[in-house]
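Predicted model only: the values in this text are computed from it and were never measured. This chain uses plain numbering: 1 for the first residue, then up along the sequence.
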Amino acid sequence: MLLSRLMEISREKSSQLILAVDHPVNYNLIRRLSDFVVAVKIGLPLIFEIGLDAAARMGTDYRIADIKMADVPFINSFLVEKLLNKGFDCVIAHIFPFSLEEPIKLAHRRGADMIGVLIMSHGAPLLEENVERLLSYGIEVGIDGLVIGATKAEQIRRVRELTDLPIISPGVIKQGAPPGEALRCGADFEIVGRAILSSENPVKTAEEIVRRERFVRSRSSWS
Ligand code: BMP
């Protein structure tokens, strides 16, 4: 809870890098990347392509199911239960009032985390216009972390002033944010998918990203 296991893994590996896997990839590669990667975020495209059981097996130390859940409470609870039963440690949901009371309680009873989408990397005006409202609902129901696009540096800084909740930030490299920038602004983790998995040497790329993140972090006021 409050991503405490993920934080522990992060300290052990001295890494704040989460790998986004949205398409089929060789599991040996994911294992080789796990020296640098603290969690694997499994996306819906992968689940659709290879099925939930196989997708769940793509994770390593800490498995995040990124289904951006946004249904009525009893369906949300069903989905969370199903995902936890398959071995996921965390589920990503939209923080829409009043859909998360039951599923978050369920996740916490099982020792799992729930992360809420607050600000998207591509610019989602409806979310950005309601940041305070979404955040206060998330805090009220016990959300464990927030997604804020790495491309939204100012917003990360702003939310960091409002809450200590862990922030995970996608949108690095392929969507324009340089590695380490979100961490410098107060995020706790950066999510990278294509820039690693479609590179010529994914392990070397992941290592370079982690090295860059450590360097930026060591010079930031949030370290
Ligand atoms: P990539 O590093 O290949 O751009 O992948 C980014 C990942 O982060 C994708 O899995 C995407 O679903 C996710 N993501 C995002 O890009 N922006 C958001 O605002 C929220 C996300 O979950």
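For the pair E208 and R211, the salt-bridge criterion is not met [side-chain N within less than 4.0 Å of a carboxylate O]. Salt-bridge formation is not detected for the pair E190/R217: no Lys NZ or Arg NE/NH1/NH2 atom is positioned less than 4.0 Å from an Asp or Glu carboxylate oxygen. Using a 4.0 Å cut-off between a side-chain N of Lys or Arg and a carboxylate O of Asp or Glu, D35 and K13 do not qualify as a salt bridge. Ion pairing between a basic and an acidic side chain is recognised when a charged N comes within 4.0 Å of a carboxylate O; E207 and K204 show no such pairing.
Looking at heavy atoms from C-beta onward, M69 lies out of side-chain contact with I92 at the 4.5 angstrom threshold. A heavy-atom distance below 4.5 Å is found between the side chains of L100 and I95. With contacts defined as side-chain heavy-atom distances shorter than 4.5 Å, the pair V21/K41 does not qualify.
Hydrophobic cluster membership differs between L84 and M1, with clusters built from Ile, Leu, Val, Met, Phe, Trp and Tyr side chains linked at under 4.5 angstrom.
Residue-environment remark: OH (Y27) exceeds the threshold of 12 foreign heavy atoms within 6.0 Å. No more than 12 heavy atoms of other residues, nucleotides or ligands lie within 6.0 Å of CG in D164, so this atom counts as exposed by the packing criterion. A 6.0 Å sphere centred on CZ of R110 holds more than 12 heavy atoms belonging to other residues, nucleotides or ligands.
Of the N and O atoms on the side chains of H23 and E49, at least one donor lies less than 3.5 Å from an acceptor on the other residue. Using a 3.5 Å distance cut-off with no hydrogens or angles, the side chains of S34 and T60 do not pair a donor with an acceptor.
Counting only distance, with no hydrogens or angles, the side chain of S169 and the backbone of G149 share no donor-acceptor pair below 3.5 Å.
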